[in-house]
Number of protein chains: 2
Amino acid sequence: MSANIPEACCTLEISGERQEKLIAMFKALGNPTRFEIMKFLVTHPGCITGDIVSFLPIAQATVSQHLRVLRDAGFIKGTVAGTATSYCLYEENIVWFRSEIGDVF
Amino acid sequence: MSANIPEACCTLEISGERQEKLIAMFKALGNPTRFEIMKFLVTHPGCITGDIVSFLPIAQATVSQHLRVLRDAGFIKGTVAGTATSYCLYEENIVWFRSEIGDVF
DNA sequence: TCCTTTTATCGTATATTTACGATGATTATA
DNA sequence: TATAATCATCGTAAATATACGATAAAAGGA
């Protein structure tokens with residue numbers, strides 16, 4: 001008989017780069033303001049930074065900083081359009097995120 | 001014709017207390033040390049704090065602090081057993097976590 | 001060319017997180 | 001009743017995150 005470990009409700013079988021990437025995504029989502037930005041982008045795809053700044057009660061510089069965190073985590077994608085920057089969800093990465101969670105949880 | 005918003009890859013239809021709870025869980029998982037503790041608990045259910053301290057390269061006080069964050073987020077459950085405390089994954093809450101993510105992503 | 005619009009970045013202040021050693025509380029054991 | 005074992009909490013130092021105003025960069029329009 002091998003060690004009898006009762007099976008858990010999740011495997012968490014992940015490591016290395018995949019784990020780091022997943023943790024960075026969790027961290028990015030673990031902030032109320034960034035979560036609101038994500039929600040806003042679902043209903044306002046392609047909106048520009050200024051739209052998000054108008055929507056949120058925080059300064060433009062702060063919004064820009066949060067957008068960077070979301071961008072670095074892979075959740076959103078920015079496209080420069082004239083003087084503005086248009087933002088969308090980064091669908092491929094979100095699909096990856098969902099898939100990884102499905103694997104480990 | 002109503003506003004033609006192309007459908008996103010996720011709805012993020014969540015708010016209020018549910019959203020706060022989910023964000024707190026993301027935040028708790030968004031730390032490498034805490035993620036490792038979660039992984040350790042999958043393979044060592046019922047282990048005591050000292051086991052986790054031996055496993056990780058950080059001080060006992062710090063481990064205890066991380067355990068508290070995971071406990072507050074609902075990911076783990078501690079049971080006092082003599083002078084020790086035995087920890088397990090909090091399966092019901094993890095199931096809830098998985099289910100919420102399935103709904104919004 | 002000059003001015004406006006838009007956004008990212010810089011510098012910085014404050015808040016939070018993360019880490020540690022020390023201590024106290026609790027339980028078991030000699 | 002001492003003594004040991006185990007762990008949470010306290011106080012605190014250092015690092016990181018979050019927020020802001022100011023400024024710079026880039027593009028468009030007058």
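All chains are named by letter (A, B, ...) in the order of the sequence lines, taking the proteins before the strands, and each is independently numbered beginning at 1.
- The listed nucleotides are D:dT18, D:dC7, C:dC10; the one nearest the side chain of A:Asn31 is D:dT18.
- Counting heavy-atom neighbours within 6.0 Å of B:Arg18 CZ, excluding the residue itself, gives a total above 12.
- One finds no side-chain N or O of B:Tyr87 lying less than 4.0 angstrom from the OP1 or OP2 phosphate oxygen of D:dT6.
- Within the 4.5 Å cutoff, the side chain of B:Arg34 has no heavy atoms near those of the B:Phe75 side chain.
- Between B:Ile52 atom CD1 and C:dA19 atom P there is a gap of 15 Å when expressed in whole angstrom units.
- Between B:His66 and C:dT17, a side-chain N or O to OP1/OP2 separation shorter than 4.0 Å is absent.
- Classified by interplanar angle (parallel below 30°, tilted 30° to 60°, perpendicular above 60°), the ring pair B:Phe97/A:Phe26 is tilted.
- Between C:dA8 and A:Arg68, no contact under 4.0 Å exists linking OP1 or OP2 to a side-chain N or O.
- Regarding B:Leu67, its CG atom lies at a distance of 10 Å from the C1' atom of D:dA8, rounded to whole Å.
- Within 4.0 Å of A:Ser64, counting heavy atoms only, lies at least one base atom of the nucleic acid.
- B:Thr62 comes within 4.0 angstrom of a nucleotide base, judged by non-hydrogen atoms across all strands.
- Note: CD1 (A:Ile58) to P (C:dT7) measures 14 Å, nearest angstrom.
- Judged by distance alone, with hydrogens and angles left aside, B:Gln60 brings a side-chain donor or acceptor within reach of the base of D:dA8, the pair sitting under 3.5 Å.
- The phosphate of C:dT16 has neither OP1 nor OP2 within less than 4.0 Å of any side-chain N or O from B:Lys27.
- For the pair A:Gln65 and B:Asp51, both in contact range of DNA chain D, the more 5′-proximal nearest nucleotide belongs to B:Asp51.
- Counting to the nearest Å, the P atom of C:dT26 and the CD1 atom of B:Ile48 are 19 Å from each other.
- For the OP1/OP2 pair of D:dA17 and a distance below 4.0 Å, the side-chain nitrogens and oxygens of A:Arg34 include no atom meeting the criterion.
- A:Ala61 comes within 4.0 angstrom of a base, heavy atoms only.
- If A:Thr83 and A:Val69 are placed on DNA chain D by their nearest nucleotide, the residue sitting closer to the 5' end is A:Val69.
- Rounded to whole angstrom, the span from the CG atom of A:Leu56 across to the C1' atom of D:dT18 amounts to 14 Å.
- Put simply, the side chain of B:Asp51 reaches to within 4.5 Å of the side chain of B:Phe40, judged on heavy atoms.
- Remark: A:Glu13 CD is loosely packed, at most 12 non-hydrogen atoms of other residues, nucleotides or ligands lying under 6.0 Å away.
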